[in-house]
Amino acid sequence: MTGVLLANVLLAVLWAAVSGSFSLLNVAFGFVLSSVALWLIREQYGTMGYLNRVGRALSLFGLFLWELLLSAIRVAFIVLKPNMNLRPAFFAYDLRVDRDVEITLLANMITLTPGTLSVDVSNDRKTLYIHCLTADDLDSVREGIANGFERKILETFR
Amino acid sequence: MSPSEFLDFAIMFSLLVSILAFLVVSLRLILGPSLADRVLALDSLLTVGIGFIAIVAIKTGYALYVDVAIALGLVGFLATVALARFILQRGESQPKGAKPGTEA
Amino acid sequence: MAGEATKDIEALKALSMIQDSPLLGDWLVIMPIVIPFLAASGIVMMRQRVDRHAELAMGTCLLMTLFNLALLLKVLREGVVVMEMGNWLPPFGIVFVVDAVGALFALTTSVLGFATAWYAANDLDMRTRRYGFFAFLMMLISGVSGAFLTGDVFNLYVWFEVLLIASFGLIIFGGEREQLDGAVRYAILNLIATTLFLIATGFLYGITGTLNFADLARVIPELPDSAPIETVGALYIFAFAMKAAAFPVGSWLPASYHTPKLVVGALFAGLLTKVGVYAIFRVNSLVFPTPDEAIRLTLLWVSLITMIVGVLGAIAQNDMRRTLGFLVVSGIGSMLLGVALGTENGFRGAVLYAVHSMVVMTALYLVVGVIQRATNQRLMTEISGLYRASSMLSIVFLTLVFAVSGLPPFSGFWPKVALLEAAIEVDEGFAAFILLLTGLLTSIAMGRMWAHTFWKPAEALANQTVISTSVFRDPGRMLPVALLVAIVIALGLFPNWLFVAANQGASGLIDPAAYIEATLAGTDRIMGGPSQ
Amino acid sequence: MEIYLALLVGCFFALAIYLILSVHTVRIVLGIAIFGNAVHMSIFAAGRLTREVPPIVPSGLAAPAEITANPLPQALILTAIVISFSLFAYVLVLVYRAYQELGTDTSTDMNIAEPQGGPTPDPDTPRGY
Amino acid sequence: MTEYITGVLLIIGAIFAFVAAVGLIRLPDVYTRMHAASKAGTLGSGVMLIAIAVFDGNADVVLRALAGVLFFLLTAPVSAHLLARAAYCTGLKPWSGTKADELSGQYDSDSLHLDSVTSEER
Amino acid sequence: MAFSVVAPFFAALFAPFVTQGLGYRAGWVLALVPALLFAFFASMIPEVRDGAPLIFSHVWVPAYNVTFSFLMDGLSLTFALLITGIGTFILIYAGGYLKGHEHHGRFFAFLLLFMGSMLGLVTANNLITLFIFWELTSITSFLLIGFDHKREASRRAALQALIITGGGGLSLLAGIVLIGTTFDTWEMHEILAAGNIGDHPMYLPILLLLLGGAFSKSAQVPLHSWLPNAMEAPTPVSAFLHSATMVKAGVYLVMRMQPVLGDTIAWTTILPVFGGVTLLTGVFLGLRQTDLKLMLAYTTVASLGLLVMLTGTSHPVAIQGAVLYLFAHSLFKGALFMVAGTIDHEAGTRDWTRLRGLRRVMPITFVAAGLAALSMSGIPPFIGFVAKEYIYKGVAGTSPQHIAVVATAVLGNAMMMAIALAVAIKPFLGPKVEAPKPAHEGPSMLWVGPVSLAALGIASALLLSPTVDNLLGPMIHAVEGERTVLDIHLIPSKFDAAVMLSIATILLGLLSFRYYDSLHRATLRWTGWGPDKGFDQIISGLIGFSEVTTAVTQPGRLRTYVTIVFVAVAICLWLPLITLDGLPSVGELPPLNPYEWGIFALAIVGLFAIIVAKNRLTAVISLGIQGFAVALIFLNFGAPDLAFTQLMVETLSVVILALVLTRLSLEETDRRSPSRSLLDGGLAVIVGAGFSAVLIAVVQNPIDLRLSEFFTTYSQPVAHGRNIVNVILVDYRALDTLGEIGVVLVAGLACLALIRIRVRKTSGDPVAPEARLEAAE
Amino acid sequence: MNTVILRTIAPFLTSLMVIFSIFVLLRGHNEPGGGFIGGLIAASSVAIYGIACGVAPVRRAMVFHPISIAASGLFIAALSGVASLFAGVPYLTGLWYFPNLVEGVKIAISSPLFFDIGVWLVVVGSISSIALALEERELD
Ligand code: NA
Ligand code: NA
């Protein structure tokens with residue numbers, strides 16, 4: 001996978017050199033062009049997996065941004081309402097991801113999305129402790145994480 | 001409202017709101033009550049500061065101030081990390097009233 | 001197209017830069033900075049080769065001494081020497097402007113640096129070196145030299161900070177608790193002093209729009225409003241007086257100078273306060289040549305009280321190092337007297353006194369260092385029997401006792417006569433009296449020290465002093481001291497060259513026209529100015 | 001405009017000095033930090049203020065098109081800031097070590113370097129000859 | 001058009017920043033306040049950086065603005081995590097209205113070792 | 001000539017080595033030095049007698065108009081001959097006296113050093129040169145008095161001599177400098193040529209200052225006490241320095257300046273009064289003593305008083321008497337001191353009450369003592385007699401107010417005669433008593449000197465006319481300042497008042513000797529305060545005063561120091577503004593933007609938060625707020641680089657503070673009493689307002705932007721940089737930056753050392769053998 | 001601090017910040033930035049690395065002792081001015097050289113650049129060494 005990414009970057013640089021401009025736009029354009037080229041040779045070198053993964057990463061990122069926006073708005077509503085109806089709680093979440101990078105990514109995403117905030121990961125990396133603002137139904141929150149970010153992370157990285 | 005008038009309005013509005021945010025955050029900083037509250041307040045202050053720099057960048061037309069904003073984000077993170085550790089160690093290693101200079 | 005652009009640049013360069021190439025000799029001006037900087041960084045880079053640090057430092061100081069000697073001769077022969085850093089026209093770039101005073105002081109600095117490095121090379125343990133003793137030494141010397149040579153007031157501030165931080169580094173070596181206490185006092189008070197210097201510089205820029213000494217000398221008389229500039233003058237004098245450890249803001253010196261290692265105390269005593277005095281010279285000469293009478297009178301009284309308070313403090317001490325600290329203060333009073341008199345002879349006396357005091361105080365600290373090494377004691381009441389223990393040490397110490405008291409035929413005599421003459425010729429009889437009284441009290445303080453520690457037999461004390469005489473036979477410690485004592489004697493017996501330099505320096509301080517001309521002539525040629 | 005800043009600077013100075021006059025070394029250190037800031041702003045104001053236009057030559061021009069802020073004080077302050085920071089770091093570490101070794105952060109309790117803290121004469125001063 | 005987008009982004013950003021500030025004041029304990037700070041605060045400043053990108057439009061500025069945003073997104077949750085952890089470990093009690101605390105008792109008070117809990121244990 | 005003055009110094013350098021090789025016999029060898037010098041000076045006699053003063057000038061400090069120059073006239077020549085002549089005998093005597101002493105070589109060296117100094121003093125033409133030698137005699141005297149350094153009395157006496165003569169020296173120096181500024185020269189011959197300056201406005205200060213020096217050196221009351229105490233020195237020193245030569249330096253100075261300063265009311269009042277009082281005090285105190293050396297010392301004091309008194313009359317004949325007496329005194333007193341030393345050396349005591357009948361065992365010494373005592377008593381045909389004759393001639397022939405002078409002279413001389421007889425006769429005559437040591441005649445080294453000097457006392461009187469023609473005549477001329485015709489004879493030509501006074505003196509002296517014991521006891525009845533006790537009181541008072549002063553000026557409290565500093569700052573800020581009417585007026589204020597108010601408010605909030613902060617972290621974070629506000633101000637006023645740096649630095653400061661404060665446990669509250677708070681607050685507000693006011697005053701006038709315009713113009717085209725601030729930092733003012741990174745490096749290094757240094761906990765061991773550094777890596 | 005999240009993210013942030021700092025350094029002659037600011041950013045990154053992963057890995061990563069790095073910076077800066085000795089101009093005079101690497105890609109090699117690199121090294125080395133030493137001190 002990294003090999004393909006490297007190839008992609010190298011091709012983009014080659015494009016920039018050939019076209020005589022190292023401006024950002026040109027390099028970015030070269031990157032897209034070389035992605036297309038890599039897509040063309042997908043059968044010979046199996047580059048499709050790489051491209052799929054890039055696509056899934058983009059989709060994860062998009063989901064994240066959207067959730068962040070929602071989350072911020074929700075916080076705004078809570079905070080600006082005269083009567084903040086808070087029911088906070090600390091709860092444990094059983095992790096399926098077990099690599100450090102994935103755990104970190106997940107924890108960060110949880111923090112930036114509505115109502116939840118990662119407090120810590122247990123030392124054996126099995127449990128993520130989360131603080132949430134409205135603890136009416138913790139199980140549905142857990143489920144939302146499991147089926148949302150955690151699944152997407154697993155898809156992207158595995 | 002012409003585009004530039006609108007932008008001027010938006011800049012002035014956001015500047016004022018940012019400053020207001022600064023002051024409100026500072027209030028938390030003074031009130032505390034816990035150390036974590038104060039560190040959180042400082043962290044928020046820097047976050048708002050990043051926005052403030054962005055506004056100034058647009059106001060002055062020097063978009064390169066974005067670097068200042070990024071740098072502020074970097075060191076702001078460092079500050080929070082260091083202070084969080086400070087809280088941990090203060091809470092842990094040296095209870096109140098411990099006599100100084102007892103080590104080594 | 002490209003050629004045209006190049007031509008444009010050349011034309012602009014002709015307007016903004018000095019056109020003549022500097023003579024190779026002009027590089028002497030910057031060497032007191034560059035050499036120790038390179039040496040200091042080299043020492044730190046060679047952290048693992050601790051054994052080479054001392055040699056490098058001594059070699060550097062020796063080289064600097066040679067260069068500074070050449071520089072002094074050049075200045076004495078050719079007048080003020082200037083180098084424009086970055087080739088920019090003064091007052092826009094930074095210039096180093098070296099007159100006789102600056103060159104003389106720089107030379108003294110490098111000599112003292114050599115002596116202390118030599119002594120330290122034989123006195124310090126490897127751990128002290130490992131943590132950069134010699135790097136601090138190098139930086140201290142470069143800071144002091146920079147302060148003596150620069151022609152730019154903000155640059156002067158920078159050198160002040162260099163020497164300050166280097167002294168901060170040096171003061172903590174030794175591993176004693178009282179050092180930390182002394183260092184806290186030293187650091188906080190000195191930090192306040194340099195900060196005041198900085199703000200005064202900011203104000204000065206705000207008033208005059210320039211930072212170059214020579215340019216300031218031209219601009220300030222033309223100013224419409226005298227109140228702000230007088231305030232700035234007062235702030236400068238204050239900040240420098242504090243650095244110089246004048247009464248009543250010099251308490252930091254007796255509070256701290258006795259705490260570090262003796263070799264560090266020797267360096268400090270020789271160099272640090274003199275930088276404050278030198279800065280007062282410069283500011284007095286170029287920036288505020290006709291200070292308010294009130295400022296001058298204040299300075300006069302400050303100088304007199306500093307002399308007396310210093311020497312009384314010296315008499316009151318039992319710790320030999322503290323006595324020396326107070327004597328440093330007292331000497332500062334004498335130098336300030338020369339400045340306060342405001343005459344050419346006054347400046348001459350102050351310059352002579354400064355050189356004398358630098359050498360003698362350094363030597364005294366080193367001698368006390370030898371004594372402490374040998375006896376493991378620091379109180380006069382705990383040390384005795386040195387007279388019998390070493391005649392070499394006795395000669396050295398006695399010479400310094402007489403020198404510091406201003407007795408002939410040693411280095412302290414000539415400055416005293418010159419200052420006395422300066423005071424008498426402007427009818428400051430009381431100042432002359434205080435000057436002489438200080439000399440007498442100094443001889444009492446030091447004479448008692450001599451009687452108690454040297455003449456008094458070892459058996460006279462309840463705890464008989466144990467003297468390890470091998471220290472007195474250690475050439476590594478005794479030779480640097482002997483070198484300084486030889487200088488003290490030489491300055492007493494053959495003071496003519498020193499008078500030549502001091503005369504030239506003092507006349508330059510009173511009438512800085514040559515200094516200004518040397519600095520700004522090139523600019524005037526290009527931009528049109530007073531000398532056109 | 002400078003006048004406002006001057007007044008603000010006055011507040012900075014006053015607070016800094018109040019802290020430096022404290023007996024607690026850490027407060028002194030904080031005071032020194034604020035003192036530095038006050039000085040930097042003083043220099044800034046002394047070099048006169050210009051709103052917003054930084055002293056940067058726009059790309060492609062030989063000189064700025066409009067009046068910029070005065071660059072020299074900025075350079076001086078930059079130098080001063082870095083120096084103050086270095087000294088601040090040193091003093092802070094020094095105070096910390098002094099606290100560790102002397103067991104106090106109160107300057108009135110630090111009396112090792114100058115033991116005779118009172119007006120009584122030192123009985124140790126040698127007398128006789 | 002750029003002006004309008006920029007202006008709107010600025011206003012949005014400022015409002016979020018303000019929200020974060022108000023949250024900091026109004027919310028009852030440090031853990032709840034962190035929600036406000038980490039979400040609204042980050043979004044607020046992020047949006048304003050994007051406003052620069054929109055306003056300027058030069059590739060290098062856009063790239064740096066985006067990199068900045070990415071950086072904040074990376075660091076803000078870490079800050080929150082570290083602070084919350086530090087607060088909890090040093091015994092800062094959550095607000096009395098906190099419904100549940102599954103973290104309670106999981107930290108070893110000396111080593112700060114954090115145990116895991118399985119769903120069965122819950 | 002210069003070489004002859006410098007020669008003893010060189011000889012001194014070699015003396016220890018010579019002594020190492022030859023032992024006590026080195027005295028004979030080293031005595032060659034003064035002997036040769038004596039010959040050299042003697043060879044000058046004809047020239048000096050016949051002509052004008054000889055001047056030998058060498059370039060020394062041309063940049064300060066100081067020459068190494070010498071003046072040879074009758075006055076200096078006589079002194080030079082006395083110094084070298086007596087010095088020869090003293091060196092020989094010292095060889096025997098200190099035989100076997102561990103520091104014998106050092107002693108010779110000191111003696112030779114002194115001799116050179118004294119020669120320089122009396123021959124110097126340049127006043128600065130004179131002063132240098134003057135002080136050198138003080139220094140060598142200090143070393144010689146303290147030679148027996150193990151005894152506290154010796155150390156005290158040495159310091160006392162140094163302080164009193166040194167203090168007097170300073171007075172002399174002031175006088176010399178005043179002469180220099182008055183005459184515009186320091187060359188003696190030019191000053192002498194200028195004639196009497198009695199009318200000059202600076203006359204009195206010059207006179208008083210010079211007399212300060214002369215009186216201290218020549219032990220005039222009340223500065224006399226050091227001289228008897230100086231008898232702690234070994235006897236050769238007493239004989240040489242403290243009778244024959246050094247103490248005469250003051251007399252020399254008075255005589256030297258007599259032509260210039262003499263013959264005024266001040267001169268003829270001050271000198272005779274001090275001299276007379278000294279004379280009487282000297283003999284009175286001399287009578288109290290039982291120690292032979294002390295008796296001689298007090299008569300020396302008295303003789304010096306007599307000399308000063310005589311010179312102070314400015315009467316030509318009195319001056320003749322003074323010159324004769326000076327010459328005679330040097331001979332007989334030197335001899336008597338050596339005799340006293342020999343007795344001490346051989347009999348083990350100098351107490352005349354314990355010595356009797358030594359004439360048999362020490363015949364040669366007795367002869368020397370007798371001859372010297374007779375000369376001292378003024379018995380013909382000794383030179384002492386001639387001196388006394390002319391003294392009386394001088395004082396008796398003058399105006400009536402000199403009655404007092406005459407009476408003083410007669411009384412003083414008579415008592416001195418009594419003491420002289422007591423010294424010379426009492427130990428030798430009578431039945432032999434048991435001395436601490438079995439006495440016998442000393443070796444030749446111990447009697448050559450006294451015998452020769454005593455013999456000279458009679459020889460010079462018998463050969464009076466050549467002595468006067470060649471030696472004393474020119475000296476008298478020098479002191480009088482003109483060449484008067486001299487008429488000096490051994491045998492009085494007529495029976496005049498002077499002869500009567502002489503006889504009266506001898507009769508009174510004999511009478512006193514007859515009743516010496518009761519006289520001695522009578523003087524002992526008077527006990528009380530004297531300047532010698534006063535010296536101790538002054539020194540201990542000085543120490544006490546120093547302690548009190550230092551406790552006030554150096555109270556040891558950091559807060560006090562800081563307070564003083566800021567009070568001084570407040571004065572520096574406000575005083576010029578107020579006195580020069582520079583208080584700024586605040587006119588039209590330009591409006592501030594609302595958000596600018598906000599930034600200012602943020603800064604104030606930060607400051608406020610620091611004050612109210614109850615714990616460290618709050619204070620640290622509040623520090624962050626104000627730093628952040630400062631950065632915003634920089635940003636707002638077009639300083640992105642500054643804002644950038646400020647943000648980074650403030651944050652890093654907070655980080656380092658946090659790192660450090662982790663281990664610090666500090667007081668939560670600012671421990672200040674309310675009054676102290678008010679005081680500190682008041683001072684802080686005054687200083688803060690002062691800075692504001694000055695800053696406003698600074699910005700009131702327009703600024704000259706030359707520098708920045710230059711930078712702006714050339715940054716891009718010449719320095720190739722568009723960020724002008726950065727170009728200033730790395731090009732225009734790169735040297736600042738270089739120094740500054742030096743600061744950064746050293747700060748890092750210093751912090752490193754500070755953190756690593758291990759400090760000892762015990763404070764018992766006062767000197768650190770080595771730094772306690774922990775090996776880090 | 002022993003948390004998975006910080007330890008995971010810190011190296012990444014560190015490398016990002018170092019790159020940013022070098023960018024700020026090189027760009028400083030024309031835009032806000034320069035050796036100081038760049039150096040401070042890099043030092044911050046070292047501090048983060050140190051806090052997250054411990055001092056020993058940082059020391060290994062830096063290879064040389066940070067204070068030696070700082071010293072080399074001072075050496076470079078001081079020496080960059082000496083180059084002008086050979087150009088016959090005074091100390092610290094800016095010397096510029098514009099080689100064409102590739103056609104159209106002009107880069108500037110200059111003594112002020114080396115000077116600024118020296119500044120960068122000094123700031124990085126010095127502040128890192130203070131921070132690391134303090135950090136080590138925490139542990140003992
Ligand atoms: Na000093
Ligand atoms: Na820079």
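Convention: sequence-line order gives letters A, B, ...; per-chain numbering from 1. Everything numeric in this text was worked out from a predicted model, so none of it was measured.
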Kindly say whether [Y] contributes a backbone atom to a donor-acceptor pair with the side chain of [X] at under 3.5 angstrom?
X        : Y        : result
B:Ser2   : B:Glu5   : yes
B:Ser14  : B:Ile11  : yes
F:Glu650 : F:Leu647 : no
F:Tyr732 : F:Ser715 : yes
B:Arg38  : B:Ile30  : yes
F:Ser622 : F:Gly606 : no

Between F:Trp597 and F:Phe600, what is the ring plane arrangement, given parallel below 30°, perpendicular above 60°, and tilted in between?
perpendicular

Is it the side chain or the backbone of [X] that comes within 4.5 Å of chain F heavy atoms, both, or neither?
X       : result
B:Val39 : both
B:Ile53 : both
B:Val68 : both
B:Phe52 : side chain
B:Phe22 : both

Closest-packed option against chain F by number of heavy-atom pairs under 4.5 Å, given [options]:
options                            : result
B:Thr60, B:Thr80, B:Leu45, B:Val81 : B:Leu45
B:Leu35, B:Leu46, B:Leu78          : B:Leu35
B:Leu83, B:Leu74, B:Ile19          : B:Ile19

F:Phe628 portion near chain B, given a 4.5 angstrom heavy-atom threshold
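When you check distances to chain B, only side chain atoms of F:Phe628 fall under 4.5 Å.
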
Considering only heavy atoms, which portion of F:Ile599 lies under 4.5 Å from any heavy atom of chain B: side chain, backbone, both, or neither?
both

At their closest point, which heavy atom of F:Phe634 faces which heavy atom of F:Ala643, and how far apart are they?
CB-N, 3.9 Å

Please rank F:Thr651, F:Leu657, F:Asp641 by heavy-atom pairs under 4.5 Å with chain B and give me the top one.
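Sorted descending by pairs with chain B, the first entry is F:Thr651.
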
Among the listed options F:Asn593, F:Leu652, F:Thr618, F:Val654, the residue most often paired with chain B at heavy-atom distances under 4.5 Å:
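Greatest number of close heavy-atom pairs with chain B: F:Thr618.
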
